[in-house]
S.K.: 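The structure is given below, and queries will be raised subsequently.
This is a predicted model, so every value here is computed, not measured.
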Amino acid sequence: MDEPERWRHMSTAPKDGSRILVTVRPSEQGPAEVDLAYWSRGDQFAGEGWRASDSSPGRVVEYAEPELKCWMPMPSANLSRGGSMPAPWEGDDAQQLDGSGI
């Protein structure tokens, strides 16, 4: 993908089961954070939707669409860059993502 280290609108996130980074909106449970998630087509444990990658059968962690602010492809394993997790998106909701505020 081009420009892999850029936050994008959730409406463009892949729903093919690939793992992506997501910004989880701040809530009464805590501040915004970055999580590793994927789109699940649903199974006997839960319905179709976004799941945290550390979900397991019987312990599914699901995200409702409004909980996720934006997404980013997984960064490459380029060890020379430090390999740290990106910070959560802190900007206005949709106005600044993908250059749409210009």
Side-chain angles (χ1 to χ4, degrees):
M1 293 185 176
D2 62 330
E3 300 181 58
E5 295 183 23
R6 179 174 53 89
W7 290 111
R8 304 161 188 217
H9 288 278
M10 281 305 296
S11 63
T12 65
K15 292 185 175 180
D16 61 2
S18 57
R19 283 166 168 60
I20 60 173
L21 296 176
V22 294
T23 292
V24 181
R25 293 179 187 278
S27 68
E28 58 273 357
Q29 282 82 31
E33 63 181 10
V34 173
D35 198 3
L36 184 62
Y38 67 97
W39 180 261
S40 173
R41 297 189 191 276
D43 54 28
Q44 70 269 27
F45 302 106
E48 183 176 71
W50 293 106
R51 292 185 185 179
S53 66
D54 57 356
S55 293
S56 60
R59 297 184 188 269
V60 175
V61 177
E62 290 184 298
Y63 290 114
E65 292 279 343
E67 289 181 279
L68 302 179
K69 198 170 194 178
C70 50
W71 77 282
M72 177 188 297
M74 288 293 297
S76 66
N78 185 348
L79 300 177
S80 65
R81 296 198 42 204
S84 63
M85 184 74 85
W89 172 257
E90 297 289 340
D92 293 333
D93 281 333
Q95 285 67 34
Q96 297 174 356
L97 286 170
D98 295 329
S100 59
I102 297 173

S.K.: Might you point out which heavy atoms bring Y38 and S18 nearest each other, and give the distance in Å?
M.R.: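 Closest pair (atom of Y38, atom of S18, distance): CB-O, 3.6 Å.
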S.K.: Going by atom types only, do W71 and T12 share a side-chain donor-acceptor pair under 3.5 Å?
M.R.: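 Distance-only check passes for W71 and T12.
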S.K.: What is the minimum heavy-atom distance between K15 and R41, and which atoms define it?
M.R.: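 In this case the closest contact between K15 and R41 is O-NH2, 4.0 Å.
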S.K.: Calculate, to the nearest 0.5 Å, the distance between atoms NZ and CZ belonging to K69 and R25 respectively.
M.R.: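 Reported value, rounded in 0.5 Å steps: 6.0 Å.
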S.K.: Who pairs with E62 by side chain to side chain contact (heavy atoms under 4.5 Å, CB included), at least two apart in sequence or on another chain?
M.R.: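 For E62 the side chain to side chain contact (heavy atoms under 4.5 Å, CB included) partners, ignoring immediate neighbours, are A46, R51, V60.
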S.K.: Tell me which one of V61, L68, V24 satisfies side-chain contact (heavy atoms from CB on, under 4.5 Å) with W50.
M.R.: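 For W50, the side-chain contact (heavy atoms from CB on, under 4.5 Å) check succeeds only for L68.
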S.K.: At their closest point, which heavy atom of I20 faces which heavy atom of P14, and how far apart are they?
M.R.: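 That closest heavy-atom pairing would be CG2-CG, 3.8 Å.
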S.K.: Taking atom OG1 of T23 and atom CZ of R8, what is their separation to the nearest 0.5 Å?
M.R.: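 So the gap between those two atoms works out to 13.0 Å.
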S.K.: Output all residues satisfying side-chain hydrogen bond (donor to acceptor under 3.5 Å, both in side chains) with S11, sequence neighbours left out; order by chain, then residue number.
M.R.: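 Per chain and number, S11 pairs via side-chain hydrogen bond (donor to acceptor under 3.5 Å, both in side chains) with no residue.
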S.K.: Provide the closest heavy-atom pair for A32 versus P88 in the form atom of the first, atom of the second, distance.
M.R.: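 Heavy-atom minimum between the residues: O-CG, 3.7 Å.
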S.K.: What's the spacing between S53 OG and R19 CZ if we round to 0.5 Å?
M.R.: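 So the gap between those two atoms works out to 5.5 Å.
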S.K.: To check you understand the geometry: which heavy-atom pair defines the closest contact between L36 and M74, and what is its length?
M.R.: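 Result for this residue pair: CD1-SD, 3.1 Å.
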S.K.: How close do L21 and P73 get, counting heavy atoms only, and between which atoms?
M.R.: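 So the minimum-distance heavy-atom pair works out to CD1-O, 4.3 Å.
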S.K.: Does the side chain of D35 come under 3.5 Å of the side chain of Y63 through a donor N or O and an acceptor N or O?
M.R.: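 A pair is found: one side chain offers a donor N or O, the other an acceptor, under 3.5 Å apart.
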S.K.: Listed by chain and number, what are the side-chain hydrogen bond (donor to acceptor under 3.5 Å, both in side chains) partners of D54, not counting sequence neighbours?
M.R.: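 Counting only residues at least two positions away or on another chain, D54 forms no side-chain hydrogen bond (donor to acceptor under 3.5 Å, both in side chains).
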